[in-house]
Amino acid sequence: MDKWVLIDGNSIIYRAFFALPPLTNSAGLHTNAVFGFTTMLLRLLEEEKPTHMLVAFDAGKVTFRHEGYEDYKGGREKTPPELSEQFPVLKELLRSFGIAQYELAGYEADDIIGTLSRLADERGVEALVVSGDKDMLQLASDHVTIALTRKGISEVERYDPAEINEKYGLKPLQIIDLKGLMGDTSDNIPGIPGVGEKTALKLLHEYGSVEAVLANAAELKGKMREKVETHQDSALMSKKLATIFREVPLEKQPDELTYGGYDAQTLADMFRKLEFKSLIERLELPGAASVDAAAVAAAATYEVVAAGSLDGPALAAMLAASDSVYIEAIGDNPHQARLIGLAAASGERIVVATYDDLMDEKLSGPLRGWLEDEHAPKRGYDLHKAELALGWLGIALRGIAFDALLAAYLLDPTESSQTLAALIQRHGLSAIQTDEAVYGKGARLVVPQGDVLANHLAAKADAVRRLVPLLAEQLEQGHMTKLNDELELPLAVVLAGMEKQGIQVNPAVLEELGAELERGISQYMSDIYAHAGMEFNINSPKQLGEVLFEKLGLPVIKKTKTGHSTDAEVLEKLEPYSEIVKLILQYRQLTKLQSTYVEGLLKEIRRDTGKVHTYYRQTIAATGRLSSQFPNLQNIPIRLEEGRRIRKAFVPSEPGWSILAADYSQIELRVLAHISGDERMKEAFIADTDIHTKTAMDVFGVSADEVDANMRRQAKAVNFGIVYGISDFGLSNNLGISRKDAARFIEQYFAVFEGVRAYMDNIVAQARRDGYVTTLLERRRYLPEIKASNFNLRSFAERTAMNTPIQGTAADIIKLAMVKMDGVLRERKLRSRMLLQVHDELVFEVPADELELMKTLLPEVMESALKLDVPLRADVSFGDNWYEAK
DNA sequence: AGGATCACG
DNA sequence: ACGTACGTGATCCTA
């Protein structure tokens, strides 16, 4: 039995374009609409199993409908270039699929589909018409079903004549009359002005057609009659325009629409060009990042050797000769990760050792000996994590020489997936299985034994071996070899050391604070319930919204996607209306401290060490900053006193020692002064004046003693804005002033700091030209959206272009300081330990006899980390805990 | 799984 | 006219 699927190409690609977020491949080609179209095609192929398939397109701008009504489809926004560039891509994709496509000058896609669906009717063949356009419903019949997209393109709704009758009370052909009466703004079909769907349906249920309505206009009352009578011609013309022409002189015969399946290689090549990796995976096409074990084995050029099959010296020799290593540790938190095993490739021979081998009396000697030998270079993937997982087993990992993950991050820090499977696919190497495929995930995580595991680890070691030279070459091309070798790679080792060391947390401090918070929270809860006149879950934005905006009738200030916004900014505006608002703000503050910082932190204290061991992630932030997890120690409260007390729980791990902290003063603005070369700003830092006061003096044109607190506050906000990539809207929002005033501020600022203005202009132009921006140490971030026609996307990219070199260079500097400081501590054999990094601050624990030295040494190292045209300044402080070090 | 909220620089 | 400040992670709730 034949089954035809007829797709309205123009309609679906439009829907897909607006339904999906922007998406580009690395060449900058927009692909979101094509992607959406493809997912729809795949679903249709799977669900409908068509024997014939056609995608019809509109041809050219002028159709027969324009004869007689020139304004047909007039007033439409012109197709955005991000979409137009996708039409030829879609057509090429259809060829790769082996799906027929057709367009004919002077006709629209609807007409082609209308004609084919008539043929389907005549032949008694089942057909499915796919479109986003309701007009298509007129084609429905016993043989023809219409599928209309709903909510973007994720769902379709099917209509046969019965369903059309149920929904509209109309026969399929009456859809044309419906359009004739109500018109269609998107096609600029006028209909009868003032007649919408409701009225049109009422009229049709009564009279049956446009002609009948016009003939009986005299029966209508008042305004309605007037409208119908004056717009008779319009109604008839609209009906004509809405009628799908079903006699198109097709040059294509239905048997040319036969769909015989796609060629996997052809489709894979097309998907690769478009970078539709997930689809390559889903269809298991050639070159998928993940393939099945048999395919990996078949493609393998290497030999897998079990460590247990070798004697000690043979194993040691193989390890010593290895080019790459892959060390597997499963679990997100490396401090708790389970070490599964490792594989080391020496040319085409790969030795695999399991966890048991590592613990084996005979094998552990050579294995540990090699891992701990700093003269035996390790080229691997995510060796930072491996170092921690091994470290907790009492095995040191030394001799880290290259890390594919780190290199991939430097090459493109915004790439969403840096998994090994994704990396090798990106570099066109032969595929391996994904970890999820081999190990499962979540509750179904099962680590296989024997050959299955050995083969997977070997495949990874082989992948790393092939990747290393490619990545190294690309780093070289991007001038990032030095950044990799001398900064990021040594830093990975420094970080692992800090993380293993951990920081002592005194649970008694937290518990006492927790008890106090508990009392406050229950008091606030009962007060809030009393004001609300009911009990509810204050933590639920939904329930809170109902109480505030429905029960208490407070004004709605801002909406979210899901309902009423109740964030702090909104609540502060609502404070005058009800006392409950203040209570909620207080409640929020206390519960945040309780759940995230008291309870959350207590859970992270390790029983065996009494410390928390964070994990600094080096390959996450697009700007080059670190991030911190399990727990995050980079967002411990400080701004409000209530929260700041949490810091009293962070103490030295040895009696008599102190916590010593040093933070860079205004590092981002100093970096800006340097890279912009702005003379006035440089002078300010060279003279070590208060930058916000100086900014206020210059922008307001007053002397130092004329700068009041408010002027300084505003100047400070402008300085922040400058670093973030300023806009008048953002500044006005932040300062609570009008956009005009904010714009005036910015103009005054740029009039004074001309070098800064020039920098901002130049960096955006440079990003547009090169496609990326860099930091002082050549760290790179690509900004493809800087060329977007969408204002939002483009503006965001422009602000990022301004901000990333500043934030990123500041990150470079503190990373340099960390590596240098680590070296200094080693050289001078000091016992002081680096514990934490918080973007512009370093925290140490120091013994009493090193305190005086460290108080001068640490800021010296930080200030001399990188030589800029302005001095760097670090302020140092110390105490018995992190709170006191202020 | 994703949104809302809020902690930090 | 457009509508946002830059970069993160943890917790809770809701679908």
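Worth saying up front: this structure is predicted, and the values here are computed from it rather than measured. The sequence lines fix the lettering, A, B, ..., with proteins before strands; numbering per chain opens at 1.
Across all strands shown, A:Ile636 has heavy atoms under 4.0 Å from sugar-phosphate atoms exclusively, and none from any base. At a threshold of 4.0 angstrom between heavy atoms, the contacts of A:Leu593 with the nucleic acid are absent. A:Ala810 comes within contact range of no nucleotide atom at all, as no heavy-atom separation falls under 4.0 Å. Across all strands, A:Ser628 comes closer than 4.0 Å only to sugar-phosphate atoms, never to a base (heavy-atom distances). Note on A:Ala811: nothing from the nucleic acid sits closer than 4.0 angstrom, heavy atoms only. Heavy atoms of A:Gln629 sit under 4.0 angstrom from primed sugar atoms or phosphate atoms, though from no base atom. At a threshold of 4.0 angstrom between heavy atoms, the contacts of A:Gly721 include nucleobase atoms, whether or not backbone atoms are also involved. When heavy atoms are screened at a 4.0 angstrom cut-off, A:Ile620 is found touching the sugar-phosphate backbone but no base atom. Within 4.0 Å of A:Asp663, counting heavy atoms only, lies no atom of the nucleic acid at all. Residue-level contact check: A:Ala801 touches neither bases nor backbone, having no heavy atom under 4.0 Å from any strand. Looking at heavy-atom distances under 4.0 Å, A:Asn635 makes contact with a base. Using a 4.0 Å heavy-atom criterion, one finds that A:Lys561 contacts the sugar-phosphate atoms exclusively. No engagement by A:Val723 is indicated, since no non-hydrogen atom pair under 4.0 Å with the nucleic acid exists.
At the phosphate of C:dC13, OP1 or OP2 sits under 4.0 Å from a side-chain N or O atom of A:Asn537. Residue A:Lys603 places no side-chain N or O under 4.0 Å from the OP1 or OP2 atom of C:dA10. At the phosphate of C:dT14, OP1 or OP2 sits under 4.0 Å from a side-chain N or O atom of A:Ser540. A:Thr562 has a side-chain polar atom (N or O) that falls below the 4.0 Å cut-off from OP1 or OP2 of B:dA4. Residue A:Thr566 places none of its side-chain N or O atoms closer than 4.0 Å to OP1 or OP2 of B:dA4. For B:dT5, one of the phosphate oxygens OP1 or OP2 lies less than 4.0 angstrom from a side-chain nitrogen or oxygen of A:Ser565. Between A:Thr623 and C:dG7 there is no side-chain N or O to OP1 or OP2 distance below 4.0 Å. An OP1 or OP2 oxygen of B:dG9 is reached within less than 4.0 angstrom by no side-chain nitrogen or oxygen of A:Arg625. Side-chain nitrogen and oxygen atoms of A:Arg617 include none within less than 4.0 Å of the OP1 or OP2 phosphate oxygen of C:dT8. The side chain of A:Asn792 contributes no N or O atom lying less than 4.0 Å from OP1 or OP2 of C:dC2. A sub-4.0 Å separation between OP1 or OP2 of C:dT11 and a side-chain N or O of A:Thr596 is absent.
Computed from coordinates, the A:Leu626 CG to C:dG9 P distance equals 11 Å when rounded to whole Å. The separation between A:Leu640 atom CG and B:dA7 atom C1' is 10 Å, rounded to whole Å. Distance, A:Tyr664 OH to B:dG9 P: 17 Å, rounded to whole Å. One interatomic measurement links the two molecules: CD1 of A:Ile806 to P of C:dA5, which rounds to 18 Å at whole-angstrom precision. Per the geometry, NZ belonging to A:Lys592 stands 6 Å off C1' belonging to C:dA10, to the nearest Å. For A:Tyr724 and C:dT4, the OH to C1' distance is 13 Å, given to the nearest whole Å. Rounded to an integer number of Å, the gap from CG of A:Leu571 to P of B:dT5 is 9 Å.
In the set C:dT4, C:dC6, C:dC13, the nucleotide with an atom closest to the side chain of A:Asn803 is C:dC6. Listed nucleotides B:dG9, C:dC13, C:dA5 differ in distance to A:Val838; the shortest reach to its side chain belongs to B:dG9.
Evaluation of atom-type donor-acceptor distances gives a pair under 3.5 Å for the side chain of A:Gln807 against the base of C:dC6. Side-chain atoms of A:Arg781 stay outside donor-acceptor range of the base of C:dG7, with no qualifying N/O pair under 3.5 Å.
Ring planes of A:His335 and A:His613: tilted class, angle from 30 to 60°.
When both distances must be under 3.5 Å, the Watson-Crick or G-U wobble mate of C:dC2 does not exist.
Side chains of A:Arg780 and A:Thr804: a donor-acceptor N/O pair is absent below 3.5 angstrom, by distance only. Residues A:Glu518 and A:Gln594 bring a donor and an acceptor atom of their side chains to less than 3.5 Å of each other.
The side-chain heavy atoms of A:Leu660 and A:Leu858, taken from C-beta on, include a pair separated by under 4.5 Å.
Sparse packing is recorded around CZ of A:Phe720, with 12 or fewer heavy atoms of other residues, nucleotides or ligands lying under 6.0 Å away. Within a 6.0 Å radius of NZ in A:Lys648, more than 12 heavy atoms belonging to other residues, nucleotides or ligands are found. More than 12 heavy atoms of other residues, nucleotides or ligands sit less than 6.0 Å from atom CD of A:Gln629.
Here the closest heavy-atom approach between residue A:Leu633 and residue A:Trp882 is recorded as O-CH2, 3.8 Å.
For the pair A:Arg794 and A:His839, nearest-nucleotide mapping onto DNA chain C gives the more 5' position to A:Arg794.
A distance of about 15 Å separates the P atoms of B:dG3 and C:dT4, rounded to the whole Å. Taking the P atoms as reference points, B:dA4 lies 13 Å from C:dA5, given to the whole Å.
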